[in-house]
Amino acid sequence: MCCCSFVCLVDLVTVIFFSVHAATSVLIDAQALLPAESFPPWAVELLRGYLEKSGDPLMSHTPVWFKSMVFSELAFQVPFFIVAVFAMLARKEWIRIPCIIYGAHTVTTMIPILYSLISPALEGPVEYDLPYLMQNYVPFAVMPAVIMIRWCFGGKPFGGRSKSSYRRGQKLD
């Protein structure tokens with residue numbers, strides 16, 4: 001996908017992340033909005049098992065503000081994931097700005113989600129498994145931050161010469 005090995009690794013992990021996140025958004029997260037009958041039985045069972053293990057208060061009680069976050073995820077992020085996977089595999093440079101927007105948007109939405117899980121635990125015992133929840137939620141804050149940083153400061157997308165090289169009269173490949 002690119003010439004620099006670290007950036008290539010980040011891009012590969014990003015494609016995998018977007019693919020997995022699209023599937024989990026549609027099959028798991030959407031259950032916060034739609035009735036269980038809308039999903040395959042194995043997806044309903046997967047969420048049930050997760051809720052039993054974690055006690056996730058957001059997915060089990062689904063406050064209205066959290067439902068709005070899930071709606072945003074389904075309406076904007078899932079279509080973006082599909083387009084982004086195509087663009088990254090096809091080495092389309094126009095994906096840079098959408099990835100920066102995605103990263104900023106998602107990191108911002110994860111702040112209230114993480115805070116709502118952590119703050120009750122700071123006040124006393126909670127009825128959910130906070131370390132388990134953090135291992136499930138934190139990657140969805142960290143990876144978008146990594147994606148945003150990669151595209152903000154990662155140089156020319158997918159390698160190649162910069163526009164400044166072109167301006168100095170050097171021919172682009």
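The backbone N or O of Leu117 lies less than 3.5 Å from a partner atom in the side chain of Tyr128, making a donor-acceptor pair. When atom types are taken as modelled, the side chain of Thr24 and the backbone of His21 share a donor-acceptor pair closer than 3.5 angstrom. Not a single donor-acceptor pair under 3.5 Å links the side chain of Ser72 to the backbone N or O of Ser68. Gln31 places no side-chain N or O within 3.5 Å of a backbone atom of Met59 that could act as its donor or acceptor partner.
Considering every non-hydrogen atom in both Ala104 and Thr108, the closest pair reads O-OG1, 2.7 Å. Nearest heavy atoms, Thr106 versus Pro144: CG2-CG, 3.5 Å. Nearest approach of Tyr132 to Ser54, heavy atoms of both residues: CD2-CB, 3.4 Å. Residues Ser19 and Val85 approach most closely at OG-CG2, 3.7 Å, considering heavy atoms. Of all heavy-atom pairs between Ala36 and Val44, the closest is O-CG2, 3.5 Å. Taking each heavy atom of Ser60 and Gly55 in turn, the nearest pair found is OG-O, 4.5 Å.
Neither Met110 nor Tyr115 shares a network with the other; the hydrophobic side chains, linked directly or stepwise wherever heavy atoms of I, L, V, M, F, W or Y lie under 4.5 Å apart, form separate groups for each. Criterion: ILVMFWY side-chain heavy atoms under 4.5 Å apart, direct or through other members. Under it, Val138 and Val70 are part of a common hydrophobic cluster. Taking hydrophobic clusters as Ile, Leu, Val, Met, Phe, Trp and Tyr residues chained together by side-chain heavy-atom distances below 4.5 Å, Leu122 shares a cluster with Met134. At a threshold of 4.5 Å between side-chain heavy atoms, the hydrophobic network of Ile, Leu, Val, Met, Phe, Trp and Tyr places Phe140 and Ile111 in two separate groups. In the hydrophobic clustering of ILVMFWY residues, with side-chain heavy atoms under 4.5 Å counting as a link, Val107 and Phe153 come out apart.
At least one side-chain heavy atom of Pro57 sits less than 4.5 Å from a side-chain heavy atom of Leu133. Annotation: side chain of Val13 is in contact with side chain of Met143 (closest heavy-atom distance under 4.5 Å). Proximity of Tyr50 to Ile28: side-chain heavy atoms (C-beta onward) are nowhere separated by under 4.5 Å.
Exactly one residue among Phe17, Phe76, Phe18 makes a ring-ring contact (aromatic ring centres under 6.0 Å, His included) with Tyr102. That residue is Phe18.
With values rounded to the nearest 0.5 angstrom, Ile95 atom CD1 is found 7.0 Å from Trp151 atom CH2. Rounding to the nearest 0.5 Å places CD1 of Ile149 at 11.0 Å from CD1 of Ile100. Here the CE-CD1 distance, from Met69 to Ile113, works out to 5.0 Å after rounding to the nearest 0.5 Å. Between the OG1 atom of Thr109 and the CG atom of Leu114 there is a distance of 9.0 Å, given to the nearest 0.5 Å. Summarising the geometry, atom CH2 belonging to Trp42 is positioned 11.5 Å from atom CG belonging to Leu47; distances are rounded to the nearest 0.5 Å. Taken to the nearest 0.5 Å, the NZ atom of Lys67 stands 4.0 Å off from the OG1 atom of Thr62.
No more than 12 heavy-atom neighbours from other residues, nucleotides or ligands sit within 6.0 angstrom of CZ on Phe71.
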Assess whether side chain to side chain contact (heavy atoms under 4.5 Å, CB included) is satisfied between Trp65 and Leu58, documenting all intermediate values.
CA-CA 10 Å; Trp65 69 266; Leu58 299 177; 3.7 Å; yes
Set out, in order, the CA-CA distance, both residues' side-chain angles and the distance that settles side chain to side chain contact (heavy atoms under 4.5 Å, CB included) for Phe66 and Ser116, then state yes or no.
CA-CA 10 Å; Phe66 183 71; Ser116 70; over 6 Å; no
Could you check Met88 against Thr14 for side chain to side chain contact (heavy atoms under 4.5 Å, CB included), going step by step and ending with a plain yes or no?
CA-CA 9 Å; Met88 292 184 75; Thr14 299; 3.7 Å; yes
Side chain to side chain contact (heavy atoms under 4.5 Å, CB included), that's the test. Do Val78 and Val26 meet it? Break it down for me.
CA-CA 8 Å; Val78 170; Val26 171; 4.0 Å; yes
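Residues in residues 32-53 take part in these salt bridge (Lys or Arg N to Asp or Glu O under 4.0 Å) pairs, two or more places apart or across chains: Glu45-Arg48, Arg48-Glu52.
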